[in-house]
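Both counts, for ligands and for their atoms, begin at 1 and track the order of listing. Note that the structure is predicted; figures quoted are calculated from it, not measured.
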Amino acid sequence: MEKIVSLCRRRGFVFPSSEIYGGLGSTYDYGHYGVLLKNNLKARWFEAMILERDDIVALDSAVILHPRVWEASGHVEGFTDPLVDCRTCKLRFRADKLEDSQCGRKPSKHPGEFKECDLTEPRQFNLMFETTVGPVQEAGSKAYLRPETAQGIFINFKNVLQLARRRPPFGIAQIGKSFRNEITPGNFLFRVREFEQMEMEFFVPPADSERWYRYWIDERLAWYLRYGLRRGRLRVREHGPEERSHYSQGTSDIEYLYPIGWSELEGVANRGDFDLTRHTEFSTTKLEYVGPDGERYVPHVIEPAVSLERIIVAMLVDGYDEEVVGERERTVLRFHPQVAPVTAAILPLIAKDEGMVSKARSLYEELRKRHSVEYDDNGAIGRRYRRQDEIGTPWAFTIDEQTLADDTVTVRDRDSLAQERLPIAGVRGWLDDALERDWHPPKGD
Ligand code: ATP
């Protein structure tokens, strides 16, 4: 994990937030390549969940909702973690995660294990960030930053049902920021206080909920494989009844083998009719489906929910590789080509050669219309390749002396390091085809 954090910083993917003020624990800012990576992942999710299907529509709901939403959802009362304070070191820990935490005085021990530890009894601590709506703090002005995007979907159920003319089974999907005042955040982006969720609520006839629940576990697992995570580092873990949330009729975690061990990447839950029933009760607006022949029911809900942050960590861990090539070490991020921040680099071999520069620039101008490409004429060619390897660019096109003679360029493959020559006029078509080809993790499954 340390190597990945340092690569992310060095190459400007992600850096600690508010650094010039000493940083703010577990908040991060995304730099250029981080933003490109995030945008690609969002686009791939959006394609799979919405564009490639007929039964899911998009939504972008507000971050700050009516506070009653969070009473109805159970978050005001129950979105809590048990917390203990240490009177000696003044640190706070999650009572149920002591074995994942370090003692403030003796980091080799867990809190409570060192002789000086003095832990309080566990108290329930609500994870929602509170804020005030309007210029003054008064009764009724309290609101919350959403801890999940799902509730924004449930409260729009009626709008979508009417306006998008849908009938179950159908889904509503959205991507947006969520906020949780996590007690023990950490492990880089894995557990942060502000993260971007991608959630989809799939409304189904009650009798079909189990089938759809299984369907969505399989679909989401297939999405990770499609975008190159290794099969051997993914597993599905079904929660036992004691672990499930109060509303859940079934929950499975798609887990990834992170450096901290098997941990939740994405959750898929069968939420039953809990959410629509509660919002009907609290808002007095009936949230149900009424069919053309008068049949009526409260749909059950299947929810796949994940954060971009957890996907990013999994993709970085999965794709990170170090190898020695021709006595030189290289670090490479083997991202799936449709996920990689930069699809191709255009490199004139000699930066001072006007002929090469002009051909390279015109190829760059042509490709940038449709792809995320980078022009780089800075430094020795070997260094430029290594830079592109470190940000995970799958292909580099090099313009050299031969280009001036016969209008061909070299394409270098990030994973195999194979080089082949192609006509410059065919590069655009070659790249379009290469992006459509199946891609498998070069290190096997
Ligand atoms: P955990 O048990 O790890 O706290 P959770 O079960 O509370 O997670 P959910 O409420 O199911 O998580 O949230 C859905 C998804 O949102 C998770 O699978 C994860 O991908 C993501 N997520 C939740 N909390 C965080 C966080 N603090 N930082 C980054 N991603 C998060």
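With sequence neighbours left out, His336 forms a side chain to side chain donor-acceptor pair (under 3.5 Å) with no residue at all.
Heavy-atom contacts of Val192 reach the following atoms of ligand 1: 26 (C), 27 (N), 28 (N), 29 (C) (cutoff under 4.0 Å). Each of the atoms 14 (C), 15 (C), 18 (O) of ligand 1 lies under 4.0 Å from some heavy atom of Ala305. Every atom of ligand 1 is numbered from 1 in the order shown, and the set under 4.0 Å from a heavy atom of Gln197 is 13 (O), 14 (C), 15 (C), 16 (O). Set against the non-hydrogen atoms of Val306, the atoms of ligand 1 under 4.0 Å away are 15 (C), 20 (O). Using a 4.0 Å cut-off to heavy atoms of Gly267, the atoms of ligand 1 that qualify are 18 (O). Under a 4.0 Å criterion applied to the non-hydrogen atoms of Phe190, ligand 1 contributes the atoms 28 (N), 29 (C), 30 (N).
In this structure, Phe129 has its ring center no closer than 6.0 Å to that of Tyr144. Less than 6.0 angstrom separates the ring centroid of Phe202 from the ring centroid of Trp216. A distance below 6.0 Å separates the ring centres of Tyr258 and Tyr256.
The nearest heavy-atom contact from the protein to atom 22 (N) of ligand 1 is Phe195 CE1, 3.7 Å. Residue, atom and distance of the protein heavy atom nearest to atom 30 (N) of ligand 1 are Ser307 OG, 2.8 Å. At the shortest separation from atom 3 (O) of ligand 1 among protein heavy atoms lies Arg191 NH2, 3.0 Å. Looking at atom 19 (C) of ligand 1, its nearest protein heavy atom turns out to be Arg310 NH1, 3.6 Å. In terms of protein heavy-atom proximity, atom 20 (O) of ligand 1 is nearest to Leu265 O, 2.8 Å.
For the residue pair Glu390 and Tyr385, no side-chain donor N or O sits within less than 3.5 Å of a side-chain acceptor on the partner. Side-chain atoms of Ser248 and Thr251 form a donor-acceptor pair, as typed in the model, at a separation below 3.5 Å.
Only backbone heavy atoms of Glu266 (N, CA, C or O) come within less than 4.0 Å of ligand 1; its side chain stays farther off. Of all the heavy atoms of Glu182, the ones lying under 4.0 Å from any atom of ligand 1 belong exclusively to the side chain. Within the 4.0 Å heavy-atom criterion, neither part of Asp253 lies near ligand 1.
Salt bridge annotation for Glu130-Lys142: present, with a cationic side-chain nitrogen under 4.0 angstrom from a carboxylate oxygen.
In this structure, the side chains of Pro337 and Leu435 come closer than 4.5 Å at one or more pairs of heavy atoms. Looking at heavy atoms from C-beta onward, Met315 lies in side-chain contact with Ile311 at the 4.5 angstrom threshold.
Without hydrogens or angle criteria, Gln102 side chain to Pro111 main chain gives no donor-acceptor distance under 3.5 Å.
Closest heavy-atom approach to atom 7 (O) of ligand 1 within the set Arg180, Glu264, Arg94: this belongs to Arg180.
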